[in-house]
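Here is the structure we will look at.
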Amino acid sequence: MSERKVVPTNCRFCGYQCGLLATVENGKVRKVQPDSSRYPHNAGIMRGCKRWPLISEVMEHPQRINYPLKRVGERGSGRWERISWEQALDEIAAKLAGLKEEFGPEVLATSIGGPHTTFWPLHRFLALFGSPNNMGIGQICWNPGIWANTLTYGWPVDMELDPEGTECAILWGVNPSQSDNSLFWHTVQEFKRRGKPLIVVDPRLTGTAQEAQLWLPVRPGTDAVLALGLLHVIVQEKLYDEEFVQNWCHGFERLCDHLIPYTPAYVEEVTGVKAEDVVKAARLYGKSTPACLYSGRGIDQLGLNSFPTHRALAILRAITGNLDVPGASHLSEMPDFIPELELELSEPYAATSPRSVSQEKLLLQSYQGYAKVREQTMKHKKRLPMRYLTSAHPHRVWKAMLTGEPYPIRSMIVMASNPLLTQADTQLVYRALKSLDLLVVLELFETPTSMLADYVLPSAGVLERPLLETKAGVANIAYGGDQAVGPYYERRPDYDFWRELGLRLGQEKAWPWQTYREALEYSLSPLGYSWDDFSGSGLYYQDNEYLKYEEPDEQGKPQGFATVSGKVEIYSELLQEMGADPLPSPRSLSQGNADFPLMLMSGARFQPYYASSYHQLEKLRRMHPEPIAEMSPVTGEKLGLGEGSLVDVETERGKARFRTRFVPMCDHVVSVEYGWWYPEMKASEPELGGIWLANANLLTSGDFDASDPLVGTWTYNGIPCRVAKV
Ligand SMILES: Nc1nc2c(c(=O)[nH]1)N[C@H]1C(S)=C(S)[C@@H](COP(=O)(O)OP(=O)(O)OC[C@H]3O[C@@H](n4cnc5c(=O)[nH]c(N)nc54)[C@H](O)[C@@H]3O)O[C@H]1N2
Ligand SMILES: Nc1nc2c(c(=O)[nH]1)N[C@H]1C(S)=C(S)[C@@H](COP(=O)(O)OP(=O)(O)OC[C@H]3O[C@@H](n4cnc5c(=O)[nH]c(N)nc54)[C@H](O)[C@@H]3O)O[C@H]1N2
Ligand code: SF4
Ligand SMILES: [Mo]
């Protein structure tokens with residue numbers, strides 16, 4: 001007899017995790033529809049989203065990985081043998097044990113990517129194994145802002161855009177019109193509908209910039225100068241919050257001196273933004289309270305200039321009185337449930353003095369940097385997520401694989417990431433992966449990275465595993481829900497892999513939870529909920545609190561900020577102590593030259609894709625069939641190009657091919673889409689799914705020596721390039 005039921009569950013095709021109802025028949029999903037009763041739900045988002053209607057197709061897609069695979073031919077030959085999970089785990093464990101014995105625990109590195117799955121089980125395994133060499137994308141995605149805001153305020157800040165309460169908003173280097181079809185983008189549109197002033201800082205006139213009252217087309221990489229220019233006007237015209245500055249800011253006088261050179265005229269010269277618009281933006285933002293200032297990857301990917309830009313923006317937010325007030329921002333609380341930090345076992349591991357490949361060289365993104373900052377955040381009994389903020393620098397990991405310096409890395413486990421498409425310098429990544437003794441990939445789909453593996457293991461994906469989103473444990477919110485069905489074929493939740501591998505390598509005591517669901521239930525246990533209680537509503541949160549710096553501490557004095565001075569550190573005592581610049585100063589940009597006269601931005605995002613994901617789905621490919629290079633009509637004309645021309649974009653590093661599109665944007669700048677490959681091409685060498693054709697990371701370099709010495713940020717935006725018609 002057939003069994004049919006309707007199960008509340010969540011989408012996971014982006015981090016938003018919309019509530020869904022799945023109709024399940026005999027263990028297979030027959031239909032999905034939006035669930036308006038569960039968090040998060042928004043009818044407009046569901047109507048606009050092109051991904052969730054494809055869930056059934058994704059679950060049964062012919063390029064999904066369904067069984068454990070072991071390479072039988074040469075690496076990259078595309079010849080595989082289906083094996084059992086037991087065999088795969090036994091062989092991987094034996095190989096890792098041998099490598100550890102020979103070279104020490106650092107011999108294993110891991111690669112993670114965007115927020116697609118739960119990463120703490122990986123970190124937990126790695127900590128127990130003894131390796132500090134997890135690498136990902138933190139240095140160019142969120143970390144520069146997390147570090148800069150924590151140094152300035154004692155904790156990272158969450159932005160609040162409230163169409164009702166917020167009076168002005170700046171969106172800086174962020175483009176939710178393509179990157180975020182969720183609530184944030186709808187809120188931006190609603191804010192605009194109400195006629196409130198929106199300012200967008202972006203070299204391109206994006207869909208987001210089209211909503212703006214004022215668009216500031218900044219030259220890539222010059223944002224720190226623009227931010228200091230806004231501060232200059234705000235200070236000159238006394239548009240700051242004098243009381244807040246007086247009571248709660250440290251180093252304001254020094255800032256005033258520091259700002260003298262950043263006149264609107266100078267800012268125009270460097271950034272290309274008209275002096276009158278600099279003044280206009282400063283007045284709009286400075287005179288409207290509360291005002292929200294939100295930034296994105298645009299300024300996280302500027303190499304040496306990301307950190308000073310974030311610091312300048314942190315100061316801008318603070319001196320205008322937009323810190324920890326409704327409609328502007330808030331400093332969140334630690335969760336009431338068990339934070340990922342504890343599940344990762346990072347703290348006991350850090351006490352063993354681990355030495356990641358980039359450990360000695362980075363002042364903040366390292367165990368010693370974390371420890372320094374932790375001393376401050378602990379004044380408020382808070383701890384940042386650790387593994388994310390101590391992750392190793394990818395370039396040093398690839399180099400260690402190839403050279404054995406500072407020590408050999410001979411194996412890698414890749415989970416939920418596709419480094420051949422998403423890490424800088426594809427050629428280097430390719431050579432490094434090819435050189436390994438062991439490469440394991442945990443994936444949903446066959447990808448170029450999995451094509452090079454020794455073992456590919458099938459992960460359970462959307463609707464096949466429970467979900468819990470906890471903002472990495474820096475806020476008091478958890479949401480998610482149950483799986484709709486058991487995993488199809490022999491797929492397993494990623495958690496199972498780490499646990500099973502751990503059991504084989506002497507970690508039995510550390511994995512008491514047999515299933516992922518049990519582990520999640522454990523993490524929520526301080527709330528007194530069972531998993532079933534929780535996943536019924538799918539949401540736990542506490543309302544935000546504001547002006548917390550005024551609240552009394554144990555001695556009855558205002559608790560202030562968790563910094564050295566107890567105030568907002570315009571002048572950072574910690575940076576000063578580390579020998580770094582205590583005030584934000586722009587660093588020199590890599591300039592164009594005779595060979596490469598244009599500036600490249602290598603990270604444009606477009607719906608309906610997500611980084612290198614979903615290019616297999618025919619319906620989506622028809623919507624966006626080709627990789628795009630955008631430039632202004634003036635730039636196109638100068639190069640003798642028409643719209644829709646096929647061009648080779650070239651940097652010192654390599655070449656990739658795109659179709660031109662003309663959009664209003666800074667002249668002499670080219671912006672290419674990233675993550676592009678061709679899953680319909682051959683899944684073996686030399687094609688590797690077409691990674692050598694239109695992959696933006698053929699053009700980039702993650703060079704450690706050119707990266708920021710605090711966080712390790714490399715450059716994706718502002719790379720000298722040239723363009724030639726094919
Ligand atoms: N040039 C350039 N490069 C960039 C950027 C840029 O702007 N420019 N942006 C960077 C940024 S911000 C990011 S976050 C990264 C993104 O980099 P990645 O995270 O490497 O990119 P994705 O394509 O999202 O790759 C995710 C892979 O995870 C798989 N996956 C999804 N869910 C699961 C799961 O639950 N389990 C497992 N095991 N696998 C799963 C997908 O099938 C997919 O192949 O790219 C970075 N790279
Ligand atoms: N469709 C889709 N959605 C995604 C992703 C995806 O790949 N595709 N990726 C996901 C991930 S991993 C992330 S981290 C988020 C990122 O989401 P966002 O932060 O919104 O990232 P982008 O869409 O790349 O927007 C960055 C903007 O910065 C601009 N920019 C480039 N260089 C500069 C500069 O020098 N200065 C300034 N001020 N701006 C600059 C670019 O033109 C671009 O419009 O999106 C997520 N959502
Ligand atoms: S892909 Fe669409 S439906 Fe799925 S979580 Fe994201 S916004 Fe929601
Ligand atoms: Mo990201």
Side-chain angles (χ1 to χ4, degrees), residues 10-20 34 40 42 45-46 48-53 55 65 111-118 136-138 140-142 171-183 200-204 206-209 216-223 226 295-302 305 309 414-419 421-424 441-447 449-450 457-462 465 493-494 497 599 601-615 630 665 669 671-675 695-697 699-700 716-718:
N10 298 67
C11 179
R12 192 59 171 93
F13 284 169
C14 80
Y16 196 51
Q17 299 193 174
C18 296
L20 294 175
N42 176 298
I45 292 170
M46 298 313 280
C49 179
K50 303 288 181 277
R51 295 187 195 134
W52 71 265
I55 280 184
I65 309 283
S111 161
I112 64 173
H116 312 291
T117 181
T118 308
I137 37 66
I140 49 86
C141 180
W142 289 103
L171 300 188
W172 200 306
V174 59
N175 180 23
S177 75
Q178 293 294 330
S179 68
D180 186 314
N181 54 355
S182 69
L183 198 59
V200 172
V201 185
D202 199 305
R204 302 183 296 146
T206 58
T208 310
L216 305 182
V218 64
R219 281 191 196 117
T222 62
D223 299 79
L226 179 58
S295 72
R297 294 309 79 72
I299 59 167
D300 283 1
Q301 308 188 333
L302 304 179
N305 277 298
T309 304
V414 175
M415 175 170 81
S417 62
N418 193 2
L421 268 304
T422 55
Q423 284 288 346
V441 175
L442 274 64
E443 252 298 346
L444 309 178
F445 279 97
E446 177 168 67
T447 66
T449 305
S450 81
L457 297 172
S459 295
V462 70
R465 53 167 181 188
D494 293 316
F497 168 79
M599 274 295 168
M601 291 155 33
S602 71
R605 285 151 170 82
F606 290 97
Q607 293 292 340
Y609 304 119
Y610 193 105
S612 71
S613 301
Y614 310 126
H615 294 74
E630 292 175 314
M665 59 186 270
V669 175
S671 166
V672 300
E673 189 172 357
Y674 98 103
N695 169 3
N697 280 317
L699 307 172
T700 61
Y716 278 150
N717 295 326

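We number each residue from 1, following the sequence as shown. We count ligands from 1, going down the list as the structure has it; atoms in each ligand are counted the same way. No experiment lies behind these values; they were computed from the predicted model shown.
- Comparing Gln301, Lys50, Arg605 by heavy-atom distance to atom 15 (C) of ligand 2, the nearest is Arg605.
- Ligand 1 lies nowhere less than 4.0 angstrom from a heavy atom belonging to Gly461.
- Distances below 4.0 Å separate heavy atoms of Leu302 from the following atoms of ligand 2: 35 (O).
- Listed by number with element, the atoms of ligand 1 under 4.0 Å from a non-hydrogen atom of Asn697 are 1 (N), 2 (C), 3 (N).
- At a 4.0 Å heavy-atom cut-off, ligand 1 touches Ser459 through the side chain alone.
- Note: no N/O pair closer than 3.5 Å links Trp142 and ligand 2 by distance alone.
- For the residues Ser612, Gly675, Pro493, the heavy atom positioned nearest atom 23 (O) of ligand 1 is part of Ser612.
- Set against the non-hydrogen atoms of Val201, the atoms of ligand 2 under 4.0 Å away are 38 (N).
- At distances below 3.5 Å, not a single donor-acceptor pair connects side-chain atoms of Arg297 with backbone N or O atoms of Cys141.
- Here the CH2 atom belonging to Trp172 is positioned 7.5 Å from the CG atom belonging to Leu216, to the nearest 0.5 angstrom.
- At a heavy-atom cutoff of 4.0 Å, ligand 1 is contacted by both the backbone and the side chain of Thr422.
- Against a heavy-atom cut-off of under 4.0 Å, Gln17 is close to the following atoms of ligand 3: 5 (S).
- Of the protein's heavy atoms, Gly173 O, 3.3 Å lies nearest to atom 26 (C) of ligand 2.
- Nearest non-hydrogen protein atom to atom 25 (O) of ligand 2 is Asn175 N, 3.5 Å.
- Short contacts between ligand 2 and Gln178, defined as distances under 4.0 Å to a heavy atom of the residue, involve ligand atoms 1 (N), 2 (C), 3 (N).
- Of the heavy atoms in Arg465, only side-chain atoms (C-beta onward) come closer than 4.0 Å to ligand 1.
- Set against the non-hydrogen atoms of Cys49, the atoms of ligand 3 under 4.0 Å away are 1 (S), 2 (Fe), 3 (S).
- Where the criterion is an N or O separation shorter than 3.5 Å, residue side chain and backbone included, Arg219 fails it with respect to ligand 2.
- Annotation: Thr447 places no N or O atom under 3.5 Å from an N or O atom of ligand 1; distance criterion only.
- The shortest N or O to N or O distance between Arg297 and ligand 1 is not under 3.5 Å.
- For ligand 1, the atoms sitting less than 4.0 Å from at least one non-hydrogen atom of Cys141 are 12 (S), numbered in the order shown with element in parentheses.
- Nearest non-hydrogen protein atom to atom 7 (O) of ligand 2 is Ala611 N, 2.5 Å.
- Within the listing of ligand 3, atoms 1 (S) sit less than 4.0 angstrom from a heavy atom of Phe13.
- The atoms of ligand 1 that sit less than 4.0 Å from any heavy atom of Asp494 are 34 (C), 35 (O), 36 (N), 37 (C), 38 (N).
- Note on ligand 2: Met599 sits outside its first shell, no heavy atom being nearer than 4.0 Å.
- For ligand 2, the polar-atom distance check against Gly221 finds a nitrogen or oxygen pair separated by under 3.5 Å.
- Side chains of Arg605 and Asn175 form no contact here, defined as non-hydrogen atoms less than 4.5 Å apart.
- Taking every non-hydrogen atom of Asn418 and a distance limit under 4.0 Å, the qualifying atoms of ligand 1 come out as 20 (O).
- Inter-residue side-chain proximity for Ser459 and Phe497 is flagged as unmet; no heavy-atom pair is nearer than 4.5 Å.
- Given atom 39 (N) of ligand 2, the protein heavy atom at minimum distance is Pro203 CD, 3.2 Å.
- Ligand 1 places these atoms under 4.0 Å from at least one heavy atom of Leu442: 37 (C), 38 (N), 39 (N).
- Among protein heavy atoms, the minimum distance from atom 44 (O) of ligand 2 is reached at Asp202 OD2, 2.6 Å.
- Residue Asn717 has at least one heavy-atom neighbour below 4.0 Å for each of these atoms of ligand 2: 31 (C), 32 (N).
- No side-chain heavy atom of Glu443 sits less than 4.5 Å from a side-chain heavy atom of Thr449.
- At a 4.0 Å heavy-atom cut-off, ligand 1 does not touch Ile112 at all.
- For the pair Ala604 and ligand 2, no heavy-atom separation below 4.0 Å is found.
- For atom 36 (N) of ligand 2, the closest non-hydrogen atom on the protein side is Asp223 OD1, 2.8 Å.
- Atom CD of Gln607 and atom OG of Ser177 lie 9.0 Å apart (nearest 0.5 Å).
- Remark: minimum distance from atom 18 (P) of ligand 2 to any protein heavy atom is reached at Ser179 OG, 3.6 Å.
- If you check which protein heavy atom lies closest to atom 31 (C) of ligand 1, you get Leu444 CD1, 3.5 Å.
- Interface atoms of ligand 1 facing Ile140, defined by a heavy-atom separation under 4.0 Å, are 10 (C).
- Ligand 2 places these atoms under 4.0 Å from at least one heavy atom of Gly296: 19 (O).
- Contact atoms of ligand 2 toward Thr206: 44 (O) (distance under 4.0 Å to a heavy atom of the residue).
- Which parts of ligand 1 touch Tyr610 is read off a 4.0 Å heavy-atom cut-off, strictly below it: atoms 23 (O), 24 (O).
- Between Leu442 atom CG and Ser417 atom OG the span is 9.5 Å, to the nearest 0.5 Å.
- When only interatomic distances are considered, the shortest N/O to N/O separation between Phe606 and ligand 2 falls below 3.5 Å.
- Atom 1 (N) of ligand 2 has its nearest heavy-atom neighbour, among Trp172, Tyr674, Tyr609, Tyr716, in Tyr609.
- Heavy-atom contacts of Ser602 reach the following atoms of ligand 1: 1 (N), 2 (C), 6 (C), 8 (N) (cutoff under 4.0 Å).
- Distance from atom 42 (O) of ligand 1 to its nearest protein heavy atom, with residue and atom name: Glu443 OE1, 2.8 Å.
- Contacts of Arg51 with ligand 2, taken as heavy-atom pairs under 4.0 Å, involve the side chain alone.
- A side-chain donor-acceptor contact under 3.5 Å links Gln423 to the backbone of Gly136.
- The shortest contact between atom 19 (O) of ligand 1 and any protein heavy atom is with Gly114 N, 2.7 Å.
- Heavy-atom contacts of Trp52 reach the following atoms of ligand 3: 3 (S) (cutoff under 4.0 Å).
- Separation of the Tyr674 and Tyr716 ring centroids does not fall under the 6.0 Å cut-off.
- For atom 2 (Fe) of ligand 3, the N/O/S atoms of Cys18 include none lying under 2.8 Å.
- Here the side chain of Tyr614 pairs no donor or acceptor atom with the backbone of Arg51 at under 3.5 angstrom.
- Nearest-heavy-atom check against atom 28 (O) of ligand 2 across Pro217, Gly603, Pro608, Gly298 picks out Gly298.
- From Ile137, atom CD1 reaches atom CG of Asp300 across 10.0 Å, with rounding to the nearest 0.5 Å.
- Within ligand 2, counting atoms from 1 as listed, the ones closer than 4.0 Å to a heavy atom of Arg204 are 41 (C), 42 (O), 43 (C), 44 (O).
- In terms of polar-atom proximity, Val218 is not counted as a contact of ligand 2, lacking any N or O under 3.5 Å from an N or O of the ligand.
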